[in-house]
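First up is the structure itself, then whatever we jot down about it.
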Protein chains: 2
Amino acid sequence: MGASKTEHFSAQQNQIATIAKALGHPARVAIVEHLLKVNQCICNDIVDELPLAQPTISQHLRELKNAGIIQGTIEGNSICYCINENTLDLLKKYISAIVLKLTKNKCC
Amino acid sequence: MGASKTEHFSAQQNQIATIAKALGHPARVAIVEHLLKVNQCICNDIVDELPLAQPTISQHLRELKNAGIIQGTIEGNSICYCINENTLDLLKKYISAIVLKLTKNKCC
DNA sequence: AATATTTATCGTAATATTGCAATATTAAAT
DNA sequence: ATTTAATATTGCAATATTACGATAAATATT
């Protein structure tokens, strides 16, 4: 196989998995951290920052964008990328709810 | 390629990516949710719960365990799995810190 | 001892991901 | 109009992931 059986799981489970998966690569974590530091920047700035080729960065940006973690606004020649707060907040709330419930549990 | 250039990124970036990656599949999200609901259970209980074969569940459990999200304790014949609070709390804190910083920023 | 139960591992097929060189696309600058 | 700059896309190779049948390993039950 190789393809996930996404149709067997709930919309929320797939949504959380999609967001988490997008963060599941150190380069994409580094991109998010860079965007957090500089607030907003263009693709080439990230190419200068990370040890990856331009097409690779572009691919990672697309995945972050598809997952809703970042957004890009066309500004003439370039595209201004920044973090979309809502998506990360959604993940934050989901995990926070889990951790909150866990403190009331006992583990084996 | 196909292999991530993990050596170019910080230990924390790799750690966060590893945890997020483990949550980056709906089946593993569903496993975590089931463990949250029943507190603790054995592999076969999850096999009965999800539409995946036993070796597939076992594989997903191993990945969750490798990422530190769950832990397993041998109990005679079976293995008792439960959520490891610390790892999810780590991810929670990391994302919370990002979201907190974001509220002070303006996006493009 | 034989059987059942539970989980892990092996092998394999299908698909996805990662990374980059080459190239295309689009808009700005000269 | 030509060149420059910024980004995306294409095509490809290497590797990883997902899924499962078959089987192994280890303990429990009869």
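Proteins get letters first, then strands, A, B, ... in listed order; numbering begins at 1 in each.
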Worksheet item: What's the NE2-P distance between B:H25 and C:dT15, to the nearest Å?
Response: 15 Å
Worksheet item: In whole angstrom, what separates A:R28's CZ from C:dA16's P?
Response: 15 Å
Between N or O atoms, less than 3.5 Å apart, protein on one side and nucleotides 6-12 of chain C on the other: list the pairs.
unit_1, atom_1, unit_2, atom_2, d
C:dT7, OP1, B:C43, N, 2.9
C:dT7, OP2, B:N44, N, 2.6
C:dA8, OP1, B:Y81, OH, 2.4
C:dA8, OP2, B:S58, OG, 2.9
C:dA8, N7, B:Q54, NE2, 2.9
C:dA8, N6, B:Q54, OE1, 3.0
C:dT9, OP2, B:R62, NH1, 3.4

Item to complete: Check whether any side-chain N or O of A:N14 sits under 3.5 Å from a backbone N or O of A:T6 as a donor-acceptor pair, and report yes or no.
Response: yes
Item to complete: Specify the separation, in whole Å, of atom CD of A:E75 and atom P of D:dT7.
Response: 11 Å
Worksheet item: Would A:L36 end up clustered with A:V47 when hydrophobic side chains under 4.5 Å apart are linked, directly or stepwise?
Response: yes
Worksheet item: Do the rings of A:H25 and A:H60 sit parallel, tilted or perpendicular, given the 30° and 60° boundaries?
Response: tilted
Practice prompt. Could you check A:A53 against A:A3 and say which one's nearest nucleotide on DNA chain C is further toward the 5' end?
Written response: A:A3
Practice prompt. For B:L52, report the nucleic acid contact type (base, sugar-phosphate, nothing); a contact means any heavy atom under 4.0 Å.
Written response: sugar-phosphate
Worksheet item: At under 4.0 Å, does any side-chain N or O of A:H60 touch on OP1 or OP2 of C:dT17?
Response: no
Fill in: Separation of D:dA8 P from A:N66 CG (nearest whole Å)
11 Å
Item to complete: Starting at atom CD1 of A:I57, determine the distance to atom C1' of C:dT17, rounded to an integer number of angstrom.
Response: 15 Å
Worksheet item: So, does B:T87 use its side chain to make a donor-acceptor pair with the main chain of B:G68 at under 3.5 Å?
Response: yes
Worksheet item: Checking all strands, does B:T56 fall into the base, sugar-phosphate, or nothing category for heavy-atom contacts under 4.0 angstrom?
Response: base
Worksheet entry | Side-chain N or O of A:K21 closer than 4.0 Å to phosphate OP1/OP2 of D:dT17 | no
Practice prompt. Could you tell me the separation between the CZ atom of B:R28 and the CD1 atom of B:I57, rounded to the nearest 0.5 Å?
Written response: 11.0 Å
Fill in: Contact check, side chains of B:L23 and B:L88, non-hydrogen atoms, under 4.5 Å
yes
Worksheet entry | Within-4.5 Å side-chain heavy-atom neighbours: A:I79 and A:C43 | no
Worksheet item: In whole Å, what is the span from the CG atom of A:L64 to the P atom of D:dA8?
Response: 12 Å
Fill in: Nearest-Å distance for atom pair CD/C1', residues B:E63 and C:dT17
14 Å
